[in-house]
Amino acid sequence: MRTRFAPSPTGFLHVGGLRTALYACALAKQNGGQFLLRIEDTDQERNVPGAIEQIIHSLQWAGLAPTEGVVLQDGQVAQAGAKGPYIQSERLEIYRKHADLLHERGYAYPCFCTKDRLEAMRKQQEAAHQAPMYDRHCLQLSTEEIDKKLAAGEPHVLRLKIPRDEVISFEDDIRGLVTFRGDTIDDQVLLKSDGFPTYHLAHVVDDHLMEIDVVLRGEEWLSSLPKHLLLFQYFGWTPPRYAHVSLLLNKDKSKLSKRQNSVSVDEYRNKGYLPEALINFLALLGWNPGTTQEIFTLEELIQQFSLDRAQKAGAIFDLEKLDWLQGQWMRKLPLQDFADRIREDVGEQYSAALTDPKFLERVALIQERIIFFHEAPDMLSYFYQEPAVNMDVILSAKQKVTTDILATILDLLTKTLEGMADANWTADGIKNALEQALTDSGFKRGQLLWVLRAAVTGRDYSPGAYEVAASVGKEETVKRLQNVNALIKS
RNA sequence: GGCGCCGUAGUGUAGCGGUUAACACAUCUGACUUUCGAGUCAGACAUCGUGGGUUCGAAUCCCACCGGCGUCCCCA
């Protein structure tokens with residue numbers, strides 16, 4: 001099985017592109033086949049320098065590095081494989097030969113119409129509420145006229161001659177049977193006047209020559225499918241299987257766009273998303289395993305992916321689930337790896353963290369709650385700095401911590417904790433001591449714990465009170481309780 | 001406008017003629033754990049786009065309509 005991903009080097013890799021690449025890669029790899037990267041740079045005006053490197057970097061980051069075609073060698077763009085070149089601008093001769101073939105066989109004809117004429121024609125058609133289509137002006141030209149114009153070097157394109165009385169049907173791997181009427185299809189330009197092919201010609205020629213078995217691409221290509229099918233027929237080739245993948249959508253259901261969303265893979269990477277999370281999320285947008293499994297490694301996706309469980313309807317790109325997945329994958333990181341990823345960042349704000357013997361223990365506490373690496377310094381702040389506490393955090397209506405009893409609670413906490421032996425100062429030890437105090441005092445558990453946690457951390461959301469107090473240390477815990485006491489009096 | 005595709009909770013999906021319409025995320029309740037926006041558990045949230053038809057029985061099959069999107073470039 002051979003599949004390919006064929007982006008244009010017009011900028012960063014798009015998340016929709018990454019999903020298509022993922023599906024294509026999974027399909028190839030699950031059968032031990034090849035996943036190759038081809039660069040479609042036939043529009044000279046839109047090519048962006050450096051885009052090829054960018055795209056491959058992003059694919060690599062996601063774990064989808066191609067095994068054939070355009071690759072990166074020591075950071076340089078290179079090509080690997082026997083069916084190259086894999087960059088379309090290096091295949092111009094191939095396209096020209098195939099275009100000539102079509103011309104000779106009468107399946108294509110040269111067109112000398114100027115852009116102005118075409119534009120005027122379209123305007124007219126639009127005004128008359130007709131579908132804008134080439135009017136075949138140049139199809140009426142006699143052989144002599146054509147030869148004369150050609151000899152004079154008049155700029156021209158080559159157009160595909162669509163049989164208007166045919167009906168074209170095809171069984172798409174995702175959408176099932178799709179049908180098109182020939183008379184609604186335009187005579188597509190195959191070869192531009194600059195000698196470059198259009199997508200349509202290049203796609204058919206390349207995917208045949210590169211022996212691609214399944215073409216995966218976005219649904220926006222579906223209406224061009226009949227043209228491609230016709231081309232395969234005219235060349236005398238068997239078309240590949242096609243799978244038109246549903247679109248990724250904005251909240252308003254329009255095609256995912258920069259205006260409303262981050263669309264480049266790089267942006268997600270820079271925001272701190274793990275490649276595992278993004279891939280996992282993308283896989284589930286438009287595909288399901290048929291089981292209730294939600295968390296997938298790339299390996300699992302490669303094993304389990306299948307086109308018959310791919311979705312036909314477009315999927316709204318909704319970040320909430322991505323963030324949940326991101327949290328899940330953060331939790332899966334080995335503690336040491338996780339610590340290494342955040343150490344520098346935390347150290348920048350709290351230099352003590354760099355030499356902190358308890359660093360790992362503290363990091364473990366926040367790993368359960370963190371979504372993004374960049375949250376780490378803030379989440380660890382109270383281990384390295386006395387928190388600024390205020391009454392809004394200490395008091396809690398829900399936990400029934402009110403002004404009139406606060407002093408008593410603080411007093412109880414302070415006395416209980418101060419009286420503990422240093423050897424007992426562990427999460428469990430603190431728990432035991434507090435449980436005892438609890439039964440003696442008649443307070444609710446939450447009343448004590450809320451105050452303790454808020455006093456030590458200064459925030460209404462953090463790891464558990466016992467663990468935090470244990471890690472901060474006895475002396476410091478007591479000190480922070482007293483800080484709150486001072487706050488009451490002021 | 002022509003053509004094409006699509007239409008199940010807010011979102012992603014399951015469902016393939018008989019289910020209390022399932023799962024996950026989000027939101028909201030309630031309970032429990034060790035306080036929390038963390039964890040565990042239990043609930044709430046769906047005119048299955050609409051209308052007709054076929055059938056004892058339809059989210060599932062048929063028809064019509066509506067809506068959304070895509071496409072109609074010498075862009076890909």
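No hydrogens, no waters, no symmetry mates; every other heavy atom, side chains included, goes into these values. Keep in mind that what you see is a predicted model, and the values were worked out from it rather than measured.
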Next on the checklist: Which label fits A/W287 and A/F305: parallel for a plane angle under 30°, tilted from 30 to 60°, or perpendicular past 60°?
Outcome noted: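 Tilted.
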Checklist entry - Under 30°, 30 to 60°, or over 60°: which ring-plane class applies to A/H203 and A/H228, parallel, tilted or perpendicular? => result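 Ring orientation, 0 to 90° scale: perpendicular.
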Next on the checklist: Between the base of B/C36 and the side chain of A/R369, is there a donor and acceptor pair under 3.5 angstrom?
Outcome noted: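 In this structure, the two groups form a donor-acceptor pair.
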Separation of [X] atom [atom1] from [N] atom [atom2], in whole Å?
| X | N | atom1 | atom2 | result |
| --- | --- | --- | --- | --- |
| A/L222 | B/C6 | CG | P | 8 Å |
| A/W324 | B/A38 | CH2 | P | 13 Å |
| A/R181 | B/G4 | CZ | P | 7 Å |
| A/M379 | B/G37 | CE | C1' | 11 Å |
| A/I371 | B/C25 | CD1 | C1' | 12 Å |
| A/E219 | B/C3 | CD | P | 18 Å |
| A/L248 | B/C69 | CG | C1' | 13 Å |
| A/F170 | B/G4 | CZ | C1' | 16 Å |

Is there a side-chain polar atom (N or O) of [X] under 4.0 Å from OP1 or OP2 of [N]?
| X | N | result |
| --- | --- | --- |
| A/Q130 | B/G1 | no |
| A/Q311 | B/A14 | yes |
| A/K321 | B/A24 | no |
| A/K253 | B/G7 | no |
| A/K312 | B/C6 | yes |

Need the pair for [N]. Rule: Watson-Crick or G-U wobble, both distances under 3.5 Å, any strand; none if unpaired.
| N | value |
| --- | --- |
| B/U34 | none |
| B/A64 | B/U50 |
| B/A76 | none |
| B/G70 | B/C3 |
| B/A59 | none |
| B/A21 | none |
| B/A9 | none |
| B/A42 | B/U29 |

Next on the checklist: Which is more 5' along RNA chain B, the nucleotide nearest A/G446 or the one nearest A/L247? Just name the residue.
Outcome noted: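 By nearest-heavy-atom nucleotide position, the 5'-most residue is A/G446.
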Next on the checklist: Pick the closest RNA chain B nucleotide for A/L284 and for A/L177 by heavy atoms, then say which residue is nearer the 5' end.
Outcome noted: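 Final value for this comparison: A/L177.
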Next on the checklist: So A/L216 and A/V214, do their side chains get closer than 4.5 Å, heavy atoms only?
Outcome noted: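 Of all side-chain heavy-atom pairs linking A/L216 with A/V214, at least one is under 4.5 Å.
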Looking for any heavy atom pair under 4.0 Å, which part of the strands does [X] touch: base, sugar-phosphate only, or nothing?
| X | answer |
| --- | --- |
| A/T179 | sugar-phosphate |
| A/G218 | nothing |
| A/A465 | base |
| A/R459 | nothing |
| A/R309 | sugar-phosphate |
| A/V451 | nothing |

Checklist entry - A/F281 and ring-ring contact (aromatic ring centres under 6.0 Å, His included): which partner among A/F317, A/Y273, A/W329, A/W324? => result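 Among the candidates, only A/F317 passes.
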[N] to [M] separation - [atom1] atoms, rounded to the nearest Å:
| N | M | atom1 | value |
| --- | --- | --- | --- |
| B/C62 | B/G2 | C1' | 26 Å |
| B/G53 | B/G43 | C1' | 39 Å |
| B/G68 | B/U8 | C1' | 16 Å |
| B/G51 | B/A22 | C1' | 28 Å |
| B/C23 | B/A9 | C1' | 12 Å |
| B/U19 | B/A58 | P | 10 Å |

Next on the checklist: Show, in sequence, the C-alpha distance, side-chain angles and deciding distance for A/S254 and A/D252, and conclude whether the side chain to side chain donor-acceptor pair (under 3.5 Å) test is met.
Outcome noted: CA-CA 6 Å; A/S254 56; A/D252 66 3; 2.6 Å; yes
Item to check | Basic-acidic side-chain contact under 4.0 Å: A/R445, A/E435 | outcome: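 A/E435 and A/R445: salt-bridged.
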Checklist entry - Which pair of heavy atoms, one from A/I52 and one from A/P9, lies closest together, and at what distance? => result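 Smallest heavy-atom distance, with atoms named: CG1-CB, 3.8 Å.
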Item to check | Exceeds 12 heavy-atom contacts within 6.0 angstrom, atom NZ of A/K192 | outcome: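 Yes.
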Next on the checklist: Using a 6.0 Å cut-off, check whether atom CZ of A/R369 has over 12 heavy atoms from anything other than its own residue.
Outcome noted: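 Correct, the count exceeds 12.
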Checklist entry - Of A/V451, A/N390, A/V401, which is the lone residue that meets side-chain contact (heavy atoms from CB on, under 4.5 Å) with A/L395? => result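 Checked A/V451, A/N390, A/V401 against A/L395; only one passes side-chain contact (heavy atoms from CB on, under 4.5 Å): A/V401.
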Checklist entry - When you check every protein heavy atom under 4.0 Å of nucleotides 71-76 of chain B, what one-letter string (B, S, -) results, 5' to 3'? => result SSSBBB
Checklist entry - When you measure from the side chain of A/N288, which nucleotide among B/G15, B/G68, B/U13 comes out closest? => result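 The answer is B/U13, which lies nearest to the side chain.
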